[in-house]
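What follows is a single structure, written as structure tokens, with notes after it.
Letters go in sequence order (proteins before strands), and every chain restarts at 1.
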2 protein chains.
Amino acid sequence: MNFDGEEKLNIKKKEELICPVRYFLEVAGGKWKSSILCILSDCECHRYSRIKRKLNGITNTMLAKSLKELEADGMLERIQYNEVPPRVEYKLTEKGEGIMPILEDMAKWGFKNVGEDAFCGKCNSIK
Amino acid sequence: MNFDGEEKLNIKKKEELICPVRYFLEVAGGKWKSSILCILSDCECHRYSRIKRKLNGITNTMLAKSLKELEADGMLERIQYNEVPPRVEYKLTEKGEGIMPILEDMAKWGFKNVGEDAFCGKCNSIK
DNA sequence: CCGTATCCGGCTAGATACTG
DNA sequence: CAGTATCTAGCCGGATACGG
């Protein structure tokens, strides 16, 4: 780890630089994103309505927004089938898969430190 | 991973339950906490003013608040010396140490995915 | 030196209603 | 079925001033 990087920052303004941890938090943080990623890692493909049901409480506003941002960050892929009624499926990209081990470590750490009765049905969890 | 826990949740209301990933995010998320943890992991003890200097831009309000919350969550220990002028030092607890490998993995993932010119002098970083 | 007190703007997330 | 469009409340983080 290194925190004395100020001197080397001649190329860009500090404000434009992105801290890698902050980047992680931006991509996978917030109220719903980690849960969505965990759900998607569960099986190949998921439909919008299935994700919504599993999340149990999320609004359309937030789900659509979160999915769009995750897609923009390259974490998942949106596959649209032109059928009636419409069908849309979401699946993790390789980048998205790559974040899962860390999310699992976070969950493990959380379990160990919050007590074993911590469990959230709305959300991701490790048995 | 398991996401179908709704049926087993008779003991508590769902709202009272804590998802382990969300717990992690509550403890180490936000704008400054991960950086503070990384700075503290750098060496045994740190004074308030030293942390502030390293963070380069944080206000007293936010630093004091973040430190207080991290202490309340058992991530760090506050050691006060009754001297004039006052001296206060902060050090990671065992729980705090335990989160560091995950923070490092997050940083590694961030670096790999955001490009190698991503570097933030304000913040934690891996060479 | 190490904070607290107070005020404030902007963003995040939710409620509600509507659509191709 | 899979979303948009508005509107709104509340919290997060910052600015500024002051205190033991």
Between [atom2] on [N] and [atom1] on [X], what's the gap in Å once rounded to a whole number?
| X | N | atom1 | atom2 | value |
| --- | --- | --- | --- | --- |
| B/K68 | C/dC2 | NZ | C1' | 11 Å |
| A/I51 | D/dC1 | CD1 | C1' | 13 Å |
| A/H46 | D/dC1 | NE2 | C1' | 17 Å |
| A/K52 | C/dG14 | NZ | P | 12 Å |
| A/L63 | D/dA2 | CG | P | 10 Å |
| B/I79 | C/dC1 | CD1 | C1' | 17 Å |
| B/Q80 | C/dC1 | CD | C1' | 11 Å |
| B/R22 | C/dT12 | CZ | P | 15 Å |

Straight-line distance of [X] [atom1] to [Y] [atom2], nearest 0.5 Å:
| X | Y | atom1 | atom2 | answer |
| --- | --- | --- | --- | --- |
| B/I51 | B/L76 | CD1 | CG | 8.0 Å |
| A/E94 | A/E77 | CD | CD | 11.5 Å |
| A/I36 | A/L92 | CD1 | CG | 11.0 Å |

Item checked: CD/B/Q80: more than 12 non-hydrogen atoms of other groups inside 6.0 Å -> yes
Notebook entry, point to check: Looking for any heavy atom pair under 4.0 Å, which part of the strands does B/Y81 touch: base, sugar-phosphate only, or nothing?
Noted result: nothing
Check: If you look at every strand shown and take non-hydrogen atoms under 4.0 Å, does A/R50 touch a base, only sugar-phosphate, or nothing?
Finding: nothing
Under 4.0 Å from OP1 or OP2 of [N]: is there any side-chain N or O of [X] that close?
| X | N | value |
| --- | --- | --- |
| B/Y90 | C/dC2 | no |
| A/R47 | D/dA2 | yes |
| A/R78 | D/dG3 | yes |

Check: With the threshold set at 4.0 Å, does a side-chain nitrogen-carboxylate oxygen contact exist between A/E104 and A/K108?
Finding: no
Check: Does a salt bridge link A/E89 with A/R87, judged by any charged N lying under 4.0 Å from a carboxylate O?
Finding: yes
Checklist line | Annotated protein contacts, base or backbone, on nucleotides 5-20 of chain D with a non-hydrogen cut-off under 4.0 Å, one of B, S, - each | finding: B-------SSBB---B
Note to self: Going by ring-ring contact (aromatic ring centres under 6.0 Å, His included), name the residues that satisfy it together with A/Y23, two or more places apart in sequence or in a different chain.
What the structure shows: B/W109
